[in-house]
Amino acid sequence: MPYIQRDANGNISAISMNSGPEFGEYLSPTHPQLVSFLDSYKDVSQSLATLEESDMEFVRITEDLVNTLVSKNVILFTDLPEAVQRKLLARERLREQIQGERNASFMDDDENGYL
């Protein structure tokens, strides 16, 4: 490693541990172009991981919002599409299995109940 693939502009577009028809050029692991490529990939990976974590938090916020609207009789649970009802109930059951009685709302101050 690392064998690289270049795009039409000559920039590294992919790396592989093995040589092959598309990965014929070998670069030293400390080559500046390779280091730069890996650094940019790391930044993108970290951003994607942060976005994924944010998505999961947003899902919980949405669940809490639906529960609040239902509890205040703003909407009826049965007003939601059947597929949404099933998904919400399945997530609630999973959360109860994992957390037992500690099924805290995402909006609670105590976040110790989350894995």
Side-chain angles (χ1 to χ4, degrees):
M1 169 134 155
Y3 293 90
I4 64 162
Q5 180 181 51
R6 293 190 183 269
D7 63 16
N9 297 322
N11 298 316
I12 297 174
S13 60
I15 60 173
S16 174
M17 292 180 62
N18 304 308
S19 65
E22 296 180 4
F23 295 94
E25 183 181 352
Y26 174 84
L27 286 182
S28 162
T30 59
H31 191 282
Q33 286 182 332
L34 184 59
V35 170
S36 177
F37 176 79
L38 292 172
D39 282 346
S40 68
Y41 179 76
K42 185 171 122 180
D43 291 343
V44 169
S45 293
Q46 288 173 344
S47 295
L48 288 173
T50 301
L51 183 60
E52 185 174 296
E53 183 179 326
S54 173
D55 286 349
M56 293 309 300
E57 291 171 352
F58 192 75
V59 166
R60 186 58 199 260
I61 290 168
T62 302
E63 288 178 63
D64 286 347
L65 176 61
V66 169
N67 289 337
T68 300
L69 293 173
V70 168
S71 70
K72 293 187 177 284
N73 294 319
V74 174
I75 63 170
L76 296 174
F77 187 74
T78 54
D79 288 342
L80 300 170
E82 190 175 319
V84 173
Q85 291 177 37
R86 282 194 311 269
K87 290 175 184 178
L88 287 169
L89 290 172
R91 286 186 56 84
E92 185 176 335
R93 280 191 298 273
L94 285 171
R95 232 182 352 270
E96 286 174 356
Q97 287 175 358
I98 293 169
Q99 297 175 339
E101 294 298 317
R102 297 202 53 162
N103 190 14
S105 166
F106 184 79
M107 294 179 278
D108 289 345
D109 291 332
D110 180 14
E111 293 186 24
N112 294 329
Y114 294 95
L115 299 176

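These numbers come from the heavy atoms of this one structure, side chains and all, not from hydrogens, waters or symmetry mates. All of these numbers come straight from a predicted model, not from anything done at the bench.
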Checklist entry - Can you list the residues that meet the side-chain hydrogen bond (donor to acceptor under 3.5 Å, both in side chains) rule with R6, with sequence neighbours excluded? => result E25, Q33
Item to check | S13 side-chain N/O to Q5 backbone N/O, donor-acceptor pair under 3.5 Å | outcome: yes
Item to check | F37 side, atom CZ; I15 side, atom CD1 - distance, nearest 0.5 Å | outcome: 6.0 Å
Item to check | Residues forming a salt bridge (charged side-chain N to carboxylate O under 4.0 Å, His left out) with E22, sequence neighbours excluded | outcome: none
Checklist entry - With distance as the sole test, does S36 use its side chain to make a donor-acceptor pair with the main-chain N or O of P32 at under 3.5 Å? => result no
Checklist entry - Would you say T68's side chain and D64's backbone share a donor-acceptor pair under 3.5 angstrom? => result yes
Checklist entry - So which pairs with a foot in residues 8-17 pass salt bridge (charged side-chain N to carboxylate O under 4.0 Å, His left out), sequence neighbours left out? => result none
Checklist entry - In Å and rounded to the nearest 0.5 Å, what is the CZ to CG distance from R91 to L88? => result 8.5 Å
Next on the checklist: My understanding is that only residues two or more places apart in sequence, or in another chain, count here; which of them pass side chain to side chain contact (heavy atoms under 4.5 Å, CB included) with N73?
Outcome noted: none
Next on the checklist: Checking R95 against E63 for the side chain to side chain contact (heavy atoms under 4.5 Å, CB included) test, could you report, in this order, the C-alpha distance in whole Å, the side-chain angles of both residues, the deciding distance, and whether it holds?
Outcome noted: CA-CA 12 Å; R95 232 182 352 270; E63 288 178 63; 2.8 Å; yes
Next on the checklist: Using the rule that Ile, Leu, Val, Met, Phe, Trp and Tyr join whenever any side-chain heavy atoms are under 4.5 Å apart, tell me whether F58 and L51 fall into a single cluster.
Outcome noted: no
Checklist entry - Do I61 and M56 sit in the same hydrophobic cluster, where Ile, Leu, Val, Met, Phe, Trp and Tyr count as joined when their side-chain heavy atoms come under 4.5 Å apart? => result no
Checklist entry - In terms of hydrophobic clustering (I, L, V, M, F, W, Y; side-chain heavy atoms under 4.5 Å; direct or indirect links), are V35 and L27 co-clustered? => result no
Scan the side chains in residues 77-86 for donor-acceptor partners under 3.5 Å anywhere in the protein, sequence neighbours excluded, and list what turns up.
residue	atom	partner	partner atom	Å
D79	OD2	L76	N	3.1
E82	OE2	R86	NH1	3.1
Q85	NE2	F77	O	3.4
Q85	NE2	T78	O	3.4
Q85	NE2	L80	O	2.7

Next on the checklist: With a 4.5 Å cut-off on side-chain heavy-atom distances among I, L, V, M, F, W and Y, is there a chain of contacts connecting V59 to I98?
Outcome noted: no
Checklist entry - Which value, rounded to the nearest 0.5 Å, describes the distance between D55 atom CG and R60 atom CZ? => result 16.0 Å
Next on the checklist: For a 4.5 angstrom cut-off between non-hydrogen side-chain atoms, does S19 reach Y26?
Outcome noted: no
Checklist entry - Hey, any chance L94 and L89 share a hydrophobic cluster, counting ILVMFWY side chains that come within less than 4.5 Å of each other, even indirectly? => result no
Next on the checklist: Using the side-chain hydrogen bond (donor to acceptor under 3.5 Å, both in side chains) criterion, which residues pair with S28? Sequence neighbours excluded.
Outcome noted: T30
Checklist outcome for this item: So OG of S16 and OH of Y3: to nearest 0.5 Å the spacing works out to 9.0 Å
Next on the checklist: Under a 3.5 Å distance rule, please check whether D7 uses its side chain to pair with a backbone N or O of N9 as donor and acceptor.
Outcome noted: yes
